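Working notes, beginning with the structure itself.
Note that the structure is a prediction, hence the values are computed from the model and not measured. Numbered from 1 within each chain, the chains take letters A, B, ... in sequence-line order.
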Number of protein chains: 2
Amino acid sequence: MDTLTTRQKKILSLIVHEHIASADPVGSKNLVKKFGMDLSSATVRNEMGALTDAGLLRQPHTSAGRVPTEEGYRYFVRQLMNKTSLPPAIRATINHQFSQMTNDIQQWMRLAASVLANRTHSASLITAPQASEVKFKHLELIGAHGRQVLAILVLEGGQIHQQMLALDEPVTQEQLSIISRKFSQELAGKNAGRINLFIEPLTTVEKQVLDWIENEIIRSDQLPTGEIILDGLTNVLSEPEFAGSEEARRALRLLEERSILQDLLSQTILPDAIGGVQVLIGGEGSWNDLRQCSIILSKYGSPGVATGTIGILGPMRMSYGNSISLVRFFSGLLSDFVTQQW
Amino acid sequence: MDTLTTRQKKILSLIVHEHIASADPVGSKNLVKKFGMDLSSATVRNEMGALTDAGLLRQPHTSAGRVPTEEGYRYFVRQLMNKTSLPPAIRATINHQFSQMTNDIQQWMRLAASVLANRTHSASLITAPQASEVKFKHLELIGAHGRQVLAILVLEGGQIHQQMLALDEPVTQEQLSIISRKFSQELAGKNAGRINLFIEPLTTVEKQVLDWIENEIIRSDQLPTGEIILDGLTNVLSEPEFAGSEEARRALRLLEERSILQDLLSQTILPDAIGGVQVLIGGEGSWNDLRQCSIILSKYGSPGVATGTIGILGPMRMSYGNSISLVRFFSGLLSDFVTQQW
DNA sequence: ATTAGCACTCTAACGTTAAGAGTGCTAACA
DNA sequence: TGTTAGCACTCTTAACGTTAGAGTGCTAAT
């Protein structure tokens, strides 16, 4: 790929900025006027022609201004954008919003999704942090009526599974406590593969409970990601390029259809470094329904322990500087939470 | 309100059905042709005129067919619609989908929201079942590193709160177990008001834990509804009457903005009877953003113990028979779940 | 290398027109 | 008295033609 002259970079950058602001194609004459360039429109036109040949700009039709192509946006994001960091005032405001929260990961995810969506005017998504390897931590059995027992399984990292079990035989609360304590001691720190090595003479009820535990842990291991929080879907709809088109609906459908979304997330190579941000522009050729959209994703959490994904989906014509620094900031926020809790 | 002749009812009913199917205004001539009526279009026209005078129909413009008004839909739903019950085949299919689920209320809500949204082609919403009065059931304290302790509070009905507490003083796991057991016995069945009657010489740590418990229970009491599950928002967008308009966006915004949604739910009088269904048509005058939408709501759960709300939001031009019976069915499904678990 | 000038192209907006659908009214009919 | 045929009228929608404006690419001059 031919490298561009500094003037060409300057012009490309201005066009991207102007188009993001106005949503309209930008022409040579307006460009020089608006930014007080000491060049004539004709010169700018020549450069724009070169950029068009290079595949970074295109014209919606012969007599319209230029619009960045996917490739143009990519070049902009990768080479031209000045890495803005989030203004301290905004950091402070957001931190304040979270300072009054309980320590519940669910609540944090919800609030993060909401604030991120509002500040970026995009749809936001967050997947729950997923432990790299699920390990047993604690078991509690609480009798209800009859043979009904509320079983609570605590996994390392604080994940909690609860279920009402109908026992095969009636058991007193006394006995339940004994079983709980026994299992909690014997199984502590064991992963799915080592749960069933726990072989001793077991009562029917103990066997039943153990089966349930193993089942839950295996299931937690297998589900690649758990819950997904979405917010701000309607933000995307208010963008002018989606006014009344099917495009937006199909893009949002991608988010709502969790299985498709999981595909997308698992097929995307995220930078391993926490705080690293991946920008997908225009579906990157693979996702037809995202041709007009861009996605910004970041992994968060504690590598090797538990990680999740946070990101936004907005129109390709989005304010990348802002959005990227916001995603990065929230990624850090949730990482801190996870590190502190796990 | 003047009562209508049987023929007028018949015609109103046909118009509603036809308009729901076609999304277009329906004219007298097409009506007689399509349904093979042994009346002339002129007669039908006269009746349509009467129905228009009665406020049940309107014309988008002079030379267009008729469309039901809000009032017209209301009359239809209340008086004309034959109460269809869900076909057994569909019941069976849905039951089957749920038969393989774990007993987790979250999972059930999610699946129910998804299936309900798909089958009604509308947006669906479900609020988590909320206990009528929150009562303590069980406490568990599990030591982590240092003074960090994972506190798990089980409320009657199976609601679980967890939080990582930083204790004021270091405490061994032994002591934690003793505290857990003591609290679990002494506080069992107590509600928020009676938690603090538990006055005995308390250690610093015990006091700290007790404060936390009280706090959590009060908070649970005060929050009128907890989590809200949404699904199928994009379904609404594909309706022709919303093609490219702001209307749909604003209606969906109402759902996404949880605080507004809670307002709406709390201001709506739901039939107390479980399985009863409330139909709100066109925002019922109060909700401007819902002028083109209808909402079908039903309370589910176990009255006096724990209840939640389930419902859908779709275009006013929706298939009420289908939708109502689906909402009713899912309401029953979740009620059964709650009754069984609580 | 840059720029002024100009012919050219294409869109968006506007007005006109014609076709089609549906109505309301009147007068005839059973 | 209820029903129907006929007809003039209204209004939307699509199609077409026109025009103003914006932006371009090219050429020739600086």
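- Closest contact between the side chain of B:Ser28 and the listed nucleotides C:dT23, C:dT3, D:dC11 involves C:dT23.
- Of the candidate nucleotides D:dT3, C:dG22, C:dT3, C:dG22 has the atom nearest to the side chain of B:Asn30.
- When the side-chain nitrogen and oxygen atoms of B:Arg66 are compared with OP1 and OP2 of C:dT23, one or more of them lie within a distance under 4.0 Å.
- One atom, CD of B:Gln8, and another, P of D:dT3, lie 11 Å apart when rounded to the nearest Å.
- Atom NZ of A:Lys9 is surrounded by more than 12 heavy atoms from other residues, nucleotides or ligands within 6.0 Å.
- With DNA chain D read from its 5' end, the first of the two nearest nucleotides for B:Thr62 and B:Asn46 is the one closest to B:Asn46.
- Positionally, the nearest nucleotide of DNA chain D for B:Ser40 lies more toward the 5' end than for the other of A:Thr52 and B:Ser40.
- Each of A:Leu57, A:Val44, A:Val67 was evaluated against A:Ile15; a single residue qualifies, A:Leu57, per the side-chain contact (heavy atoms from CB on, under 4.5 Å) test.
- Distances shown here put every side-chain N or O of A:Arg58 at or beyond 4.0 Å from the OP1 or OP2 atom of D:dT24.
- Proximity of A:Ser63 to the phosphate of C:dC10: no side-chain N or O atom is located under 4.0 Å from OP1 or OP2.
- To the nearest angstrom, P of D:dT4 lies 14 Å from NZ of B:Lys29.
- In this structure, CZ of A:Arg7 is placed 12 Å from C1' of C:dT3, rounded to the nearest angstrom.
- Residue B:Arg45 has its side chain nearest to C:dC25 when only C:dC10, D:dT4, C:dC25 are considered.
- B:Arg74 and B:Glu284 are joined by a salt bridge, as a carboxylate oxygen and a charged side-chain nitrogen come within less than 4.0 angstrom of each other.
- Put simply, CG on B:Leu57 is 15 Å from P on C:dG22, counting in whole angstrom units.
- For the pair B:Leu39 CG and C:dA30 C1', the interatomic distance rounds to 15 Å; values are reported in whole Å.
- Counting to the nearest Å, the C1' atom of C:dT23 and the CG atom of B:Leu51 are 15 Å from each other.
- Atom CD1 in B:Ile15 sits roughly 13 Å away from atom C1' in C:dT23 (whole-Å rounding).
- Under the 4.0 Å criterion applied to side-chain N and carboxylate O atoms, B:Arg250 and B:Glu246 are not assigned as salt-bridge partners.
- Listed nucleotides: D:dT24, C:dG24, C:dG22. Nearest to the side chain of B:Gln59: C:dG24.
- A:Leu31 places its CG atom 15 Å from the C1' atom of D:dA22, with the value rounded to the nearest Å.
- A distance of 12.0 Å separates CD in A:Gln267 from CD in A:Gln262, rounded to the nearest 0.5 Å.
- As judged by a 4.0 angstrom heavy-atom cut-off over every strand, B:Thr43 is placed among the base-contacting residues.
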